[in-house]
Amino acid sequence: MSKASTPNHFIKAITSNDLKNGKCDYIYTRFPPEPNGYLHLGHAKSICLNFGLAADLGGKCNLRFDDTNPEKESLEYMEAIRDSVAWLGFEWDKLCHASDYYDHLYGFALELIDKGLAYVDDLNAEQMREYRGTLTDVGRDSPSRSRAPAESRDLFERMRAGEFEEGKLTLRAKIDMGSPNISMRDPIIYRIRFAHHYRAGDKWCIYPMYDFTHCISDALEGITHSLCTLEFQDNRELYDWFLANITIGENLIGEKVGGDAKPMPRQIEFGRSNLEYTVASKRKLIQLVTEGHVNGWDDPRLTTLVGLRRRGYTPASIRNFCAEIGVTKKDSTIDMAVLENAIRQDLEASAKRVFGVLKPLKLIISNYPEGESETFSVKNHPKDDSMGTRELPFSREIYIDQDDFMLEPPAEFFRLGPGREVRLRYGYAVTCNEVIEDDDGNVVELHCTYDPLSAKGKTADGRKIKGIIHWVSAAHAIDAEVRVYDRLYTEPNPGAAEDFISLINPESLQSFPSAKLEPSVLEAKPEDRFQFERVGYFCFDSVDNSEGSVVMNRTVSLRDTWAKVGKK
RNA sequence: UGGGGCGUGGCGAAGUGGUCUAACGCACCGGAUUUUGAUUCCGGCAUUCGAAGGUUCAAAUCCUUCCGCCCCAGCCA
């Protein structure tokens, strides 16, 4: 269930205050991904924050692609990101691209040059690093720093015209090589890149840097609050410097900006959240995918949004998860159980109940007439009658799960064992009389008798039957492949390890190719979600299903206090 | 060792001088209900807020010092 509004946090306090005391007339945020990879849970936090905040305070939020590095970005990524944001359930005011502003950006660069606040530098990358200084030592001025504005302007125009090769020249802001903040030591504004841009094509051979582009894009769009993660705290000084030194005049939505008019956007940083047993860095995700450790970006073991979607996570569960973890100024590590709780909560209320047996064990009811069958009318949800009922076929031969039988069960195992009685959920009580084993001693078949007077949860003599198990009629069952996922890593913080690949959980994907499901599942469509009673929540796979085949992904198990007892 | 941040129970997170022997969620531990060992319900779970001093009638909240952790030296974002 979706929460009506996001909980309070420090950014909401700041923005509400700005609204209250008239610092701004409305809230305008943006979610600014770079289209160089797929979105993951970390992005979901930012998406929910930006879109959620705007929605809560009656404002607007843009989806803006921060596409200033053509060599790493692509249309494929852009479209996947756009689709994931929409899937999460958010509507952007405008879909923008930083590349839409390349002309404006170029103009602002010229303005800085003319004002003597930017210069073309001919230091190469290595020299620039030396001149920049270190964390503890200040930098030195580049020899180009004193270049006359007119000369820089000429050089910059020729950079744009393609007269210089890559790496030869850069445009730098003239700020302070002695600043203790390294971001302020004459940062690069433009670099030469003879690269094809997925949107701008070959129009440009110079591309603006993030720090220059981002703040101006915000200002042009009329963004009031620019929310980003903690590592950009040092960049805020630069963000403010650029906006203080260019003349916007009027932004793209027609507002006067600067001076006594509309104030410049304000950057506010918040902490990242990491999920235990996962990695989120783009580099690591790309490595997992390209080296084949997982099966694509949408592998259900990944916490990419496309992976979570294929796994069966609902948009609402992810939004609730983000609301639950909060927004603060410190980085955090979230327990997997919080994510699992979010999806269980959603699916408990919304998933249709069904019977599915992952590890089938044949059970023959010897006193039930051969060739006959009957159906039980059962509820699709124990507490929600609006979800209707379905017919569940029952016959002499059924499958139960191997986990529901033990040859020598302890007293607290209230399922089936030799001589024990158990109730078939929605059906009869059966008693196990005979256990058939193969030559290797594996239990392959159970012979039972049923009590015809035990339907509807009653027994004729009033005896209580504690154990209840699920089952599927053998003659009516459909075949399915069920994929059960576990955490991708064996360590809570794989990202911190030198070799995160070696920490991959070898049992992260377990397949049950001969699972048996009740026939009603045949009507399922890709992405339909179910609860297999007593087992877990499952989602009809959206990729590997072809005509007549059923592939089910386990989203999450049911809470299992019996498994917990076993561990003690 | 320069600069910027952060430290409240196992994990998150409220709280910004008095109602704090510190909310809430997750996890955990009981117990009740239950034709899912699910769900639901009820109860328990920090005399203490990184540490030490100080201010005050009163501090998690103010001051000082110390300790720990994170980020910054891409022509990445």
[X] [atom1] to [N] [atom2], straight-line distance once rounded to whole Å:
X        : N      : atom1 : atom2 : answer
A:Arg172 : B:rA73 : CZ    : C1'   : 13 Å
A:His197 : B:rA77 : NE2   : C1'   : 13 Å
A:Phe321 : B:rA27 : CZ    : C1'   : 14 Å
A:Arg423 : B:rU36 : CZ    : P     : 10 Å
A:Gln267 : B:rA77 : CD    : C1'   : 12 Å
A:Arg272 : B:rG5  : CZ    : P     : 18 Å
A:Asn274 : B:rC70 : CG    : P     : 13 Å

Residue [X], side-chain atoms from C-beta onward, closest of [options]:
X        : options                : answer
A:Ile182 : B:rC72, B:rG5, B:rG74  : B:rC72
A:Phe413 : B:rU40, B:rG37, B:rC6  : B:rG37
A:Asn235 : B:rA77, B:rC75, B:rU35 : B:rA77
A:Glu324 : B:rC6, B:rG25, B:rU40  : B:rG25
A:Ile188 : B:rU39, B:rC75, B:rA77 : B:rC75
A:Gln233 : B:rC76, B:rU36, B:rG4  : B:rG4
A:Arg353 : B:rA73, B:rU36, B:rU8  : B:rU36

Just to confirm, is there a sub-4.0 Å distance from OP1 or OP2 of [N] to any side-chain nitrogen or oxygen of [X]?
X        : N      : value
A:Lys564 : B:rC28 : yes
A:Arg534 : B:rU34 : no
A:Arg132 : B:rG74 : yes
A:Thr333 : B:rC11 : no
A:Thr561 : B:rA38 : yes
A:Lys330 : B:rA13 : yes

Within the 4.0 Å heavy-atom criterion, would you say [X] contacts the bases, only the backbone, or no part of the nucleic acid?
X        : result
A:Tyr190 : nothing
A:Arg185 : nothing
A:Pro382 : base
A:Asp137 : nothing
A:Arg425 : base
A:Leu123 : base
A:Tyr207 : nothing
A:Leu558 : base
A:Asn36  : nothing
A:Lys456 : base
A:Arg344 : nothing
A:Ala125 : base
A:Gln531 : base
A:Thr68  : sugar-phosphate

Output yes when a side-chain donor or acceptor of A:Lys174 lies under 3.5 Å from a complementary backbone atom of A:Tyr119, and no otherwise.
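Looks like no, no N/O pair under 3.5 Å.
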Rounded to whole angstrom, note down the [atom1] distance from [N] over to [M].
N      : M      : atom1 : result
B:rU64 : B:rG5  : P     : 16 Å
B:rC62 : B:rU16 : P     : 10 Å
B:rC6  : B:rU47 : P     : 26 Å
B:rC45 : B:rC29 : C1'   : 8 Å
B:rG31 : B:rA23 : C1'   : 25 Å
B:rC28 : B:rG12 : C1'   : 15 Å
B:rG30 : B:rA38 : P     : 13 Å
B:rC76 : B:rG68 : P     : 35 Å

Out of A:Phe164, A:Tyr207, A:Phe156, which one pairs with A:Tyr190 under the ring-ring contact (aromatic ring centres under 6.0 Å, His included) rule?
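Of A:Phe164, A:Tyr207, A:Phe156, ring-ring contact (aromatic ring centres under 6.0 Å, His included) with A:Tyr190 is met by A:Phe156 alone.
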Tell me which one of A:Tyr239, A:Tyr210, A:Phe270 satisfies ring-ring contact (aromatic ring centres under 6.0 Å, His included) with A:Phe232.
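Of the listed residues A:Tyr239, A:Tyr210, A:Phe270, the ring-ring contact (aromatic ring centres under 6.0 Å, His included) partner of A:Phe232 is A:Tyr210.
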Using the glycosidic torsion, which applies to B:rG4: syn (within 90° of 0) or anti (everything else)?
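Anti, since the glycosidic angle lies more than 90° from 0.
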Could [X] and [Y] be called an ion pair, given the rule that one side-chain N must be under 4.0 Å from one carboxylate O?
X        : Y        : result
A:Glu518 : A:Arg390 : yes
A:Glu231 : A:Arg272 : yes
A:Arg463 : A:Glu421 : yes
A:Arg199 : A:Asp100 : yes
A:Asp385 : A:Lys379 : yes
A:Asp121 : A:Arg147 : no
A:Arg64  : A:Glu221 : yes

Donor/acceptor link under 3.5 angstrom from A:Arg559 side chain onto base of B:rG37
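Counting by modelled atom types and ignoring angles, no donor-acceptor contact under 3.5 Å is found here.
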With distance as the sole criterion, do the side chain of A:Asp234 and the base of B:rG3 form a donor-acceptor contact below 3.5 Å?
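Indeed there is one.
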Does [N] have a Watson-Crick or wobble partner in any strand here, with both distances under 3.5 angstrom, and which is it?
N      : value
B:rU61 : none
B:rU56 : none
B:rC69 : B:rG5
B:rG10 : B:rC26

Which residue lies toward the 5' end of RNA chain B, A:His214 or A:Lys45, if each is placed at its nearest nucleotide?
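Final value for this comparison: A:Lys45.
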Residue met sooner reading RNA chain B from 5', once A:Ala455 and A:Thr328 are mapped to nucleotides
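Of the two residues, A:Thr328 wins.
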Does the side-chain ring of A:Tyr210 sit on the six-membered ring of the B:rA77 base, less than 5.5 Å centre to centre and under 30° in tilt?
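Answer is no, no stack.
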